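As structure tokens, the structure follows; a few thoughts come after it.
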Amino acid sequence: MQEFVFIMRMSQLVGRRIKEDPRDAVTPSHKFLIRGGYVRQVSAGIFSLLPIGKRIITKIEAIIREEMDRIDGQEVLMPVVLPAELWEESGRYASVGPELLRFKDRNGKDMILAMTHEEAVVHLLRSEVSSYKQLPVMLYQIQTKYRDEARARGGLIRVREFTMKDAYSFHTSQSCLEEYYQRAHEAYVRIFRRVGMVNTLSIESNSGMMGGKVSHEFMAVSEHGEDTIFVSPDYSYRANREVAYADWKFEKQSPLELEKVHTPGRESIEEVSEFLGLKPENTGKAVFYKDQDNNLIFAMIRGDFEVNESKLANFVKCPGLEYADDELIRSVGAEPGFASPMSIDRNKVRIVVDRSVAESSNLVVGANEKDYHYKNFNFDRDIKDVEVTDIATVREGDICPLTGQPLKLERGIEVGNIFQLGTKYSEAMNCRYLDENGKSQIPVMGCYGIGVGRTMASVIEQSHDEWGPIWPITIAPYQVQLCAINPKNAAVGDVSEQLYAAIKQAGVEVLYDDRGEKAGFMFNDADLIGIPLRLVVSAKNVENGQIEFKRRGAKDVELWPLDQVIDKIKSVIAEEYKKFA
RNA sequence: CGGGGUAUAGCGCAGUCUGGCUAGCGCAUUUGGUUUGGGACCAAAGGGUCGCAGGUUCGAAUCCUGCUACCCCGACCA
């Protein structure tokens with residue numbers, strides 16, 4: 001752990017507390033980070049850290065370093081500014097959208113601000129490692145990243161510039177990667193426990209633009225989270241909505257004859273099912289998407305389900321699906337609002353059917369003619385040569401595939417992720433080593449990220465009261481806050497100064513409120529800063545040779561004999577650390 | 001990128017509809033004094049190109065046009 005400034009006087013501390021909530025802050029973490037004097041916004045999604053905010057970040061980083069070193073990581077530092085050609089090698093210069101900030105240097109050379117460092121680490125490693133004897137290896141860094149987010153929000157929860165710990169491992173085999181992936185997972189569990197994130201879930205996730213197959217997200221459970229998670233009641237099943245599935249049961253009935261019905265002006269599932277006196281689950285829904293090349297994809301799902309665009313995008317291997325416009329839909333012979341998979345130009349459209357349609361009977365579908373639908377559509381009979389898969393979005397209450405219990409919905413903030421990347425980058429960027437037979441091989445990669453600022457914000461989301469954050473001792477800006485009520489009183493002033501010096505001597509981190517503010521004012525500031533342990537020096541107690549001790553968030557106070565304060569506070573601190581070991 | 005909103009002192013806001021003398025209020029700040037266990041009191045003081053650029057007018061924070069920044073919802077996305 002790096003050396004720290006152990007002590008600080010409040011009278012000298014830069015970063016004022018603010019009484020009122022900032023107008024534009026909505027989440028508790030955003031409000032308290034601003035009000036407590038931890039961070040200040042410079043531009044949308046771009047923040048400066050004030051001293052106590054920086055101390056928290058430094059402590060979180062120290063915990064991450066320890067755990068990365070424990071799983072044999074080697075710390076490096078790679079640049080924020082990278083040449084575009086490195087990203088051209090991997091193909092991401094073209095495939096990643098506008099969130100990658102591109103610019104030219106003075107010579108007109110294309111450059112980028114790195115949003116992640118797979119390319120940089122492969123560039124580094126391919127010239128340093130050439131033998132199987134050097135593998136496996138893991139490199140990590142704690143570095144600034146930039147993502148040109150369309151919409152920054154929620155204080156530190158979604159920002160454009162941020163600090164991230166990212167780690168990359170290289171292996172000679174998939175099994176070696178899988179073994180290491182497990183160790184990384186365990187390291188992450190330890191990290192989030194140690195920083196005091198009490199409610200973190202590791203869940204199955206969608207690999208998105210990173211490529212690769214197996215991946216997990218570490219979610220801080222919070223009502224202000226941006227991601228939707230489905231969990232079983234016992235939390236044995238946990239999955240992001242993007243990949244979650246349920247044990248859906250569908251029932252086949254004997255097919256009835258196809259029947260064309262007049263449904264004037266009824267376009268939506270609700271309108272059609274109500275008009276025909278049926279339920280939404282008796283209908284089939286058609287949703288049209290287009291890929292980047294303007295190719296039409298016809299997704300068909302039962303009327304009571306929603307298409308899961310992540311599942312669909314993964315299935316058709318196209319990351320950038322968009323809703324198709326009416327003109328494109330008509331160009332294949334379909335009628336928007338009354339679309340049917342039958343009687344359309346099969347050469348111009350790819351049809352993907354959800355199991356809910358394939359395994360149900362006698363559904364109402366469009367007739368590709370304005371104001372007409374068909375009743376009694378049956379997949380097996382009425383359509384041929386289409387792809388059937390799961391593209392349904394889980395709904396709260398759907399049955400868990402593992403436990404058979406109803407799934408419940410949670411919100412989460414993604415604070416970390418781990419991926420089994422495979423050879424996507426090492427292969428594209430020609431990273432090779434020689435195996436024991438002298439044969440050239442491509443290393444298998446894993447990557448592992450943690451958002452440091454987001455972690456700080458998430459801890460507040462999970463640990464605060466109406467007055468401010470309640471920091472775990474492991475990342476609190478100081479371990480102890482010392483408050484002097486009326487330090488102009490000679491006895492109070494003397495005892496406070498002596499205590500301050502003695503605490504420093506004992507190696508305890510203390511923030512000393514020496515300002516002589518009114519008690520209430522001082523206590524409110526202390527609560528807003530959220531240091532977990534508080535000592536108060538007052539005239540009344542000093543007269544009795546006593547000091548008051550209180551834990552942040554607790555109701556009760558203790559009175560400690562003055563000559564035992566140092567011993568007692570040290571033991572309380574040790575006890576607090578044990579809670580997060 | 002679509003929808004909605006905001007921009008006036010360090011922070012939070014009023015004033016704008018209905019144009020008018022010197023642009024206010026609370027908090028914070030400075031000075032002096034009194035206070036000191038859950039956001040004290042008295043007295044005095046400093047602090048503004050009213051987001052930017054044009055226009056209308058005798059006169060614009062206020063009306064008109066354009067722009068910019070920021071926030072919220074959505075789209076997109078590690």
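Reminder, nothing fancy here: chain letters follow the sequence lines and each chain counts from 1. Everything quoted here is computed from the prediction, not taken from an experiment.
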**Report entry** A:K518 NZ - B:rG37 P separation (whole Å)
**Finding:** 6 Å

Requested in this report: Just call it for A:Q41: base, sugar-phosphate, or nothing, with non-hydrogen atoms closer than 4.0 Å on any strand.
Outcome: sugar-phosphate

Query raised in the report: Expressed in angstrom and rounded to an integer, what is the separation of A:R40 atom CZ from B:rC70 atom P?
Result: 18 Å

Query raised in the report: Do A:F521 and A:K19 come close enough that some side-chain heavy atom pair is under 4.5 Å?
Result: yes

Report task. Map A:D21 and A:G416 onto RNA chain B by nearest heavy atom, then report which one ends up closer to the 5' terminus. Result -> A:D21

Query raised in the report: Would you call the rings of A:Y180 and A:Y448 parallel, tilted or perpendicular, where under 30° means parallel and over 60° means perpendicular?
Result: perpendicular

Requested in this report: Answer yes when A:E118 and A:R92 have at least one side-chain N-carboxylate O distance shorter than 4.0 Å, and no when they do not.
Outcome: yes

Report task. Classify the nucleic acid contact of A:D527 as base, sugar-phosphate or nothing, counting any heavy atom under 4.0 Å across all strands shown. Result -> base

Report task. Please confirm whether any donor atom in the side chain of A:R151 sits under 3.5 Å from an acceptor in the base of B:rC76, or the reverse. Result -> no

Report task. For nucleotides B:rG51 and B:rC71, find the distance between their C1' atoms and express it as a whole number of Å. Result -> 15 Å

Report task. Round to a whole Å and report the spacing from NZ of A:K540 to P of B:rG37. Result -> 9 Å

Report task. Grab the CG-P distance between A:N489 and B:rU36 for me, whole Å please. Result -> 10 Å

Query raised in the report: Touch check for A:G155, heavy atoms < 4.0 angstrom, all strands: base, sugar-phosphate only, or nothing?
Result: nothing

Report summary line: Among the nucleotides B:rA7, B:rC77, B:rA75, whichever has the atom closest to the side chain of A:R23 is B:rA7

Report summary line: In whole angstroms, the gap separating P of B:rC71 from CZ of A:F47 amounts to 8 Å

Report task. With C1' as the reference atom in both, quote the distance from B:rA61 to B:rU18 in angstrom, rounded to an integer. Result -> 15 Å

Query raised in the report: Hey, is the side chain of A:D525 pairing donor to acceptor with the base of B:rG38 inside 3.5 Å?
Result: no

Requested in this report: Considering only atom C1', compute the distance from B:rC13 to B:rA23 and round it to an integer number of Å.
Outcome: 14 Å

**Report entry** Donor-acceptor pair (no angle test) under 3.5 Å: A:R534 side chain, B:rG38 base
**Finding:** yes

Query raised in the report: Got a salt bridge between A:E226 and A:R158, using NZ or NE/NH1/NH2 to carboxylate O under 4.0 Å?
Result: yes

Query raised in the report: Using 4.0 Å as the upper bound for N to carboxylate O, is an ion pair formed by A:R551 and A:D556?
Result: no

Requested in this report: Quick one: look up who B:rU35 pairs with, Watson-Crick or G-U, both distances under 3.5 Å, and put none if it's unpaired.
Outcome: none

Query raised in the report: Taking the same atom, C1', in B:rA9 and in B:rG3, what whole-Å distance lies between them?
Result: 33 Å

Requested in this report: Please state the P separation for the pair B:rC27 and B:rG54 - nearest whole angstrom.
Outcome: 38 Å

Query raised in the report: Looking across every strand, which nucleic acid part, if any, lies under 4.0 Å from A:A150 by heavy atom: base, sugar-phosphate, or nothing?
Result: base

Query raised in the report: What is the nucleic acid contact for A:A484, judged by heavy atoms within less than 4.0 Å: base, sugar-phosphate only, or nothing?
Result: nothing

Requested in this report: Check whether the side chain of A:E548 and the base of B:rG37 form a donor-acceptor pair under 3.5 Å.
Outcome: yes

Report task. Mind calculating the distance between CG (A:D227) and C1' (B:rC77) to the nearest angstrom? Result -> 10 Å

Report summary line: Closest of B:rG74, B:rG39, B:rC71 to the A:A44 side chain is B:rC71

Query raised in the report: If you measure from the Lys or Arg side-chain nitrogens to the Asp or Glu carboxylate oxygens, is any gap between A:R411 and A:E223 under 4.0 Å?
Result: no

Query - Ion pair check, A:D513 and A:R9, cut-off under 4.0 Å - result: no

Requested in this report: Please report, rounded to the nearest Å, how far the C1' atom of B:rA75 is from the OH atom of A:Y289.
Outcome: 12 Å

Query - For atom CZ of A:R160 and atom C1' of B:rC76, their distance in whole Å - result: 15 Å

Requested in this report: Please measure how far the C1' atom in B:rG59 lies from the corresponding atom in B:rC1, and state the result in whole Å.
Outcome: 42 Å

Requested in this report: Give A:K488 one of three labels, base, sugar-phosphate or nothing, depending on what nucleic acid heavy atoms sit under 4.0 Å from its own.
Outcome: base

Query raised in the report: Of A:R16 and A:N486, whose closest RNA chain B nucleotide lies nearer the 5' terminus?
Result: A:R16

Query raised in the report: If we take the C1' atom in both B:rG24 and B:rC50, what is their distance in whole Å?
Result: 12 Å

**Report entry** Nucleotide nearest A:N524 when distance is taken to its side chain, options B:rG39, B:rC11, B:rG37
**Finding:** B:rG39

